[in-house]
Amino acid sequence: MENGLKNPHLLFVRFIILLFFSSTLHADGHNIVRVGGSAESIYDTNITDVEIMFSLLFNEMFKEDDEQFKIEIYNSDDTLERGLKQGELDAIFANTVHYLEIEELLNKSPSFAVQHGDSVHSKYFLIVRENDSIDKLADLQGKKIFIPSGHTVGELFLGVQLLRSNHGPLDVFFSEVRRSNKSNDAIVSLFFGQVDAALVTEFSFEVASELNPQIATSLKILSKSEPLVHMVISVHNDFPQDRVDNIYPRLGGIEELPRLDFLRKTFRFEGIHQINNEDLSNVRALSNEYRQLMSRRAIK
Amino acid sequence: MKKNTIFKHLFKRVAFILLSVNLIFSIVLLPIYQDKLVRMIAIQGETFANSTIAACGEALYTQDYSFVISYVSKVLQQTPEITFVSFTSLNGQVIELNKSGWNLNQSHKSITGNLLKNISPYSIEHESTSSNTDSANSFIFKKPINISGLDWGTFSLGLSDAEYQALLYSYFRNVVVFSLLIISLTLLLLHGSSLKLVQQLSKLRITAENLANGDLSSRAPADSIGEIGYLASTLNNMADNLDENTKSLRRLARLVEDTNDSIIIFDNKMRVLFVNSSLKSMLDQSSDYFSGMEINTFLSHLKIGRNKQRDILQEISRIDQHDWSTDITLSRADRKLLHMTMRIENFDLEEVESGGFFIVLTDITRRKQLEHELETLAYVDKLTRLPNRRYFIDQLNEAVSEAETFDSSLTVFFLDIDNFKIINDSLGHEVGDMVLTESGWRIQEALRSDDVVCRLGGDEFTAIIRGVNDKDTISRVADNILRNFEQPLLIKEHELRTSASIGIVSYPFDGINTKELIKNADTAMYAAKKSGKNDYRFFSEDMHQDMRDYLEIESSLRKAISTSSLHLVYQPFVNLNSNTIDHCEALIRWKDPIRGMIPPGKFIPIAEQSGLISSIGEWVVKQVCEQIKKWDFSINVSINVSGTELQDKMFAERLNNVLVDYDIEPYRIQLEFTEHVLVSKEGENLPQLNHLKRSGYQLAVDDFGTGFSSLSYLSELPIDVIKIDKSFINRLPADRKTIAVVKSIISLADSLDISTIGEGAENLSQVEWLDEHGCKVIQGYYFHKPMSAQELERLVTRGKISPISKNVKAVD
C-alpha cells in the first residue's frame with residue numbers, strides 16, 4: 001500500500017484497471033465492462049492489489065449506472081494483445097509503446113491518460129551517484145544499472161540514447177541490468193552503491209527524495225527524457241459507441257466527484273485526462289527512431 | 001440559604017476519604033503498573049525486532065538495503081505503533097526509517113563486537129520529543145543484531161507510547177471511575193441507611209425551629225435511635241425547662257408590666273430600653289417616646305431638679321452591683337405632687353451580658369400621706385381630736401423645762417369624768433365616745449386658747465396651763481370647767497348630765513418633774529372623786545396618806561377573807577300582804593382589828609379595783625349556804641353580785657357547785673345585780689343571766705333607777721325582782737316626780753310580771769305609799785335593820801315583823 005501511495009504510475013494503473021472493464025452483460029442485469037492489463041506494465045504494486053482496489057474505486061464511481069467493471073491482469077503484453085484480439089476484453093491499459101503497436105485494434109476516439117503532478121506526461125531520469133565521477137553516458141559502459149519493471153517507455157528512451165551514441169543495445173552496454181517491480185529499489189540500490197546507475201521516472205525520483213533528502217544530494221541526473229506519456233487507456237474498437245459516449249465524459253470528470261476525493265488523494269493522482277495524438281508524438285517519434293537506429297545497426 | 005446537613009458533611013468526608021484512599025493506592029500501584037506496561041511494550045518491541053531482524057538479516061548481511069528499506073517501510077505503514085526503525089552497523093552506519101521516509105547517517109561512535117556481547121539482550125527507554133524524527137514520546141527499544149553468529153550491529157525501534165499513554169489514561173480513568181463508583185455506592189448505602197436518621201434529625205430540627213419560633217409546646221419524638229434519642233430527650237427537657245422558664249418570665253413580665261411601680265430599663269449606654277405601663281400611664285406617653293431616651297433627658301422629663309439629677313447621675317456612676325435609692329417628688333400636670341422612691345440597681349453582668357441598669361419608681365404619695373397622718377395621730381387623740389398622752393408628756397416636759405429655765409410656773413389639771421363607766425356600760429360606747437368628745441370641748445372652752453388640753457385615754461383629760469400658779473385664778477378656771485359640765489348633754493335623744501373630778505398640781509410646788517406632777521395630779525383627782533365627785537382638789541401631801549390608807553385597806557382585806565374579819569348580816573324583806581319574812585338580803589361587814597368597822601362603801605370599791613371581789617363573793621355564797629343550812633326555818637337569801645363576778649364565765653358553775661355541796665335549791669338564792677352591771681357590755685352578760693335563770697336562781701335588779709338605762713331593757717332581761725332604789729323611796733311620798741317615776745316602775749314591773757321591792761323604806765308613809773301602789777315587799781329600817789343570823793332566826797321564829805321605829809335613817 002505504501003508503494004502504491006508513493007508511486008503515481010502504480011496508482012494510475014490501479015485506477016485504469018478499475019476504470020475500464022469489459023462490456024459484457026452481467027448476470028444480474030448490469031453491463032459488464034471487462035478491462036485487461038499486462039503485468040509487464042505494472043510496477044510498484046502487485047496484481048491482486050490492483051484488481052481489488054481499482055475495482056472498488058471504479059464501481060463506486062459508476063455504482064448508480066448499469067455498468068459494472070471487471071478487471072483482469074494478463075502475464076504479458078502478448079497475452080494481453082491476444083486476449084484483445086480474441087474479444088475477451090472491452091478495454092485495455094497498456095504502456096504507450098505497446099499501445100502504438102496495437103493501435104489499429106482500438107477505438108479511434110481519443111484515449112485517456114492519468115495525470116500525476118502537473119501533467120499527463122512524465123520524464124525519465126538516468127541517475128548516478130554524485131561522487132562517482134560519472135559525467136557522461138560513456139562513463140557507464142560496463143557498469144551495473146537498475147531498471148524497474150514496467151518502464152518500457154523509459155527503456156525506449158535509454159535505448160535510443162545509447163544507439164545515438166553508438167554504444168549498442170542496453171544489455172550489451174551495461175555489464176548487468178537489475179530489475180525489480182519497485183522503482184524505489186532502483187534508487188536505494190544506487191544510493192547504497194549496489195548498482196552504478198538507475199532509470200526511474202521523475203515522479204519516483206521526487207518521491208524517493210521526499211522519503212530521504214539524502215537522495216537528492218547524493219545522486220545526480222545524468223540524462224533525462226522529454227515528457228512522455230507512459231500508459232494509454234482505450235477501449236476495443238468494437239465497443240458500443242453509445243456506451244463509450246456514456247462512459248468517457250464521466251471518466252474525464254472524476255475529479256469533480258467529491259465522494260471520490262479520498263481515492264484521488266489516496267492514490268495521489270490529479271485526474272484522468274483525455275489525450276490526443278500530439279500527446280503521443282514524443283513516444284511515437286522515439287519508437288520510430290529506435291526502429292531506424294536498430295535497422296541501421298543491423299545493416300552495419 | 002440552605003445549610004449543609006450533617007450527612008452532607010459526612011458524605012463529603014467519606015467521599016474524600018475514599019477518593020484519597022483510591023488515589024493513594026493508585027499512586028502506589030502506578031509504578032508497578034507502569035513497569036508491567038513497559039515490559040509488555042518491551043515484549044512487543046522484541047517480537048517486532050526479532051521478526052524484522054529475521055526478515056532483513058540476509059538483506060543486511062548482503063547489504064541489500066533496498067529490501068530492508070522496502071520491508072521496513074511497508075511494516076511501518078502497517079504498524080502504526082512503530083514510530084521508527086534504525087539499523088546501526090558496526091562501522092557506525094545508521095539507517096533510520098520512519099513513516100515519512102528514511103535516511104542514512106554515520107555515527108561517530110562505532111560499536112565493537114565485544115561491546116555488543118556485554119550489553120543485555122535488549123534495552124528499552126522512554127524518550128520524549130525528538131525534533132528529527134516522529135519518535136515523540138516513544139519507547140526506544142534496542143537490541144543487538146546477530147546474523148548467524150555474526151554481530152552486525154544494533155537494531156533500534158521506536159514504539160509509540162500512545163498505547164502506553166492510553167493505558168495509563170485508561171488506568172487513571174478506571175481509577176477515577178472506580179473511585180466514583182465506590183463513592184457513589186458508598187454514599188448511596190450511607191444515604192439509604194441515613195434516611196431514618198435524617199428523618200429523626202429532621203424532626204429534631206423542626207422541633208428546635210418550632211421552639212425557636214416560640215412554639216414551646218413542640219416536642220421531639222422520644223423513640224429516636226441512640227444518641228438522637230438522647231438528644232431528643234435532652235431537647236424535650238430543655239423545652240420543658242424553657243416552657244417553664246418562659247411561663248415564669250411571662251408571669252414576671254406581666255408582673256413588671258402590670259405593677260403599680262414604674263420600671264425603666266437602661267442599656268449600658270444609659271439609654272432607655274424598656275418602660276412599663278405604669279410609667280407610660282403616669283407620664284401619658286407611649287413606649288416609642290421613651291425608646292432610646294438618654295438618662296439625662298429622662299430625668300429632665302421627670303422634672304427632677306438639676307441638683308438632684310446630678311446626684312442621681314453620680315450615684316449611677318458609682319453603683320456597681322448594689323442598689324441605691326432616693327426619694328423624689330414629681331409635679332404632675334394637674335399640679336398634684338407625686339412622691340416617688342427611685343431605686344436604681346445595676347444588672348448583674350453575669351446574668352445580662354449587655355449590662356445596663358434599671359430604675360424602679362414607686363409611688364409613695366399615699367405612704368407619705370399616711371406617714372404624715374400617723375405623725376399627726378401620734379400626737380392627736382383620734383376620738384376627740386385633742387392632743388393625746390404622748391403630746392401631753394412632750395408638752396409637759398417642754399413646759400417643765402421652760403419653767404425651770406425661766407423660773408416660771410405652770411399648772412396641770414388632771415380631770416376624770418364622773419360615772420362615765422355607767423354611761424358607757426348602759427348607753428353604749430357610741431354614746432360614751434360622744435360624751436368624751438363633748439367633754440373635751442367643754443374643757444377647752446373653759447381654758448385659754450394657748451392652754452393645752454389633752455386626752456390621756458379613757459375618760460381622763462389633762463390641761464397644761466403655763467405661767468399660772470395662783471390658786472384663785474386656778475380655782476376660777478376649775479370652776480369654769482365644772483360649770484361647763486353642768487350643762488346637760490343631748491346625745492341621741494338622751495339628756496345626760498355629767499360632771500368631772502379634777503386634780504390640780506402646780507410646778508414647782510407639787511412636783512419638779514413630769515412624772516411627779518402627773519402622779520400627784522392623779523392623786524388629787526382621786527381625792528376629788530372621793531370627796532363626792534363634781535369637784536376639784538389641789539394636791540396636798542395629805543392625799544398621799546389617803547392613798548397609803550387605800551393600799552393598807554386592800555392589804556388588810558386580803559387577810560380578812562381568810563381570818564374571819566368579814567362577817568355577814570341579814571336584812572329581812574317584809575311581805576306586806578302576808579306580813580311575814582320569807583326573804584332577806586345578806587350584807588357583808590368588815591371589822592378590822594385595828595381600824596374597827598369599815599363600811600362596805602369603802603372596801604367594796606377597793607375589792608373591785610384589786611380583784612378581791614371574786615374571792616369575797618365566793619366567801620359570801622358559802623357563808624350564806626352554810627347559814628341557810630343552819631337555820632331551822634325556810635328563808636330565801638339575796639346575795640349581791642358584782643359586775644366582775646358576773647363576767648366570769650365559771651361563775652354559775654362555781655355557784656352551782658357550792659349549792660350542791662350544801663344541798664340547797666337554787667330558788668333559795670336571789671342574785672342581785674346593779675342596773676349598770678345588767679346592761680353593761682351591750683348585752684354580753686345576757687347569756688350568763690339566762691344561764692343563771694335556767695339554773696333556778698331568782699334574779700333581781702338592785703338600786704333600780706340610779707342607772708341611765710331605759711325601762712325597755714327590762715323586758716329583755718330574765719329579771720324576777722326589781723328593787724327600787726332608796727333614793728326614790730326617800731323622796732316618797734312628797735315628791736311628785738318621784739311618785740311618777742316609782743309608779744311607772746311598779747306599773748311596768750307588774751305588767752312584766754316582775755316583783756318589786758321597796759328598798760330603804762324608813763317611815764310608815766313610805767311603806768303605806770308603796771303598799772298602796774302595789775309594791776308589797778319592803779326592805780328598810782322602818783321594819784328591820786340588818787342583823788345577825790341568830791337575830792334573824794329569833795325574829796323569824798318569833799314571827800314579829802312590826803316596825804322597829806317610825807322614822808329611822810338608814811346608814812350604809
Side-chain angles (χ1 to χ4, degrees), chain A residues 1-7 10-11 43-46 48-49 53 127 129-131 144-149 176 178-200 203-219 266-268, chain B residues 48 51-52 55-108 130-135 145 147 152-153 156 158 160:
Chain A
M1 184 175 180
E2 179 267 343
N3 290 333
L5 284 171
K6 302 293 172 68
N7 193 324
L10 175 61
L11 298 178
Y43 62 92
D44 290 347
T45 187
N46 61 59
T48 305
D49 285 349
M53 288 188 292
I127 55 175
R129 284 185 295 274
E130 184 72 41
N131 53 4
K144 299 175 184 174
I145 189 169
F146 203 120
I147 300 174
S149 302
E176 182 183 350
R178 287 192 188 179
R179 295 192 182 274
S180 166
N181 62 344
K182 295 181 181 176
S183 301
N184 195 47
D185 288 353
I187 297 170
V188 171
S189 296
L190 178 62
F191 180 83
F192 283 101
Q194 292 173 327
V195 295
D196 301 305
L199 179 67
V200 295
F203 188 81
S204 295
F205 186 68
E206 289 175 354
V207 169
S209 299
E210 287 178 12
L211 292 173
N212 185 355
Q214 292 172 320
I215 298 293
T217 57
S218 59
L219 303 180
T266 301
F267 298 117
R268 298 181 70 176
Chain B
F48 182 81
S51 63
T52 302
C56 298
E58 184 180 352
L60 289 171
Y61 183 76
T62 59
Q63 296 184 343
D64 182 5
Y65 297 125
S66 61
F67 175 81
V68 173
I69 290 169
S70 175
Y71 177 83
V72 172
S73 296
K74 189 174 181 180
V75 171
L76 284 172
Q77 293 300 327
Q78 294 174 350
T79 315
E81 60 270 21
I82 306 298
T83 58
F84 77 94
V85 171
S86 72
F87 300 90
T88 305
S89 64
L90 290 176
N91 57 11
Q93 200 173 37
V94 180
I95 303 171
E96 189 170 283
L97 302 100
N98 55 39
K99 294 184 189 306
S100 60
W102 61 277
N103 58 48
L104 177 66
N105 295 316
Q106 185 63 42
S107 175
H108 298 294
S130 172
S131 59
N132 295 328
T133 67
D134 292 337
S135 60
I145 300 173
I147 304 169
W152 187 89
S156 297
S160 171

> Pairs in or reaching into residues 75-84 of chain B: which pass salt bridge (charged side-chain N to carboxylate O under 4.0 Å, His left out), with residues at least two apart or in two chains?
Replying inline: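 Residue pairs passing salt bridge (charged side-chain N to carboxylate O under 4.0 Å, His left out), neighbours aside: none found.
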
>> At a 4.5 Å cut-off on heavy atoms, which part of I69(B) comes close to chain A: side chain, backbone, both, or neither?
In response: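 Side chain only.
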
> So which part of L97(B) gets closer than 4.5 Å to some heavy atom of chain A, the side chain, the backbone, both or neither?
Replying inline: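 Answer is neither: L97(B) stays 4.5 Å or more from chain A.
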
> Where does I215(A) contact chain B at under 4.5 Å (heavy atoms): side chain, backbone, both or neither?
Replying inline: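 It is the side chain, since no backbone atom gets that close.
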
>> Does E130(A) have more than 12 heavy atoms from other residues, nucleotides or ligands lying within 6.0 Å of its CD?
In response: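 More than 12 within 6.0 Å, yes.
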
> Side chains of N98(B) and S100(B): do they bring a donor and an acceptor to under 3.5 Å?
Replying inline: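 Per modelled atom types, N98(B) and S100(B) side chains form a pair under 3.5 Å.
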
> With sequence neighbours left out, what residues match F192(A) under ring pair (Phe, Tyr, Trp, His ring centres under 6.0 Å)?
Replying inline: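 Ring pair (Phe, Tyr, Trp, His ring centres under 6.0 Å) list for F192(A), sorted by chain: Y65(B), W102(B).
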
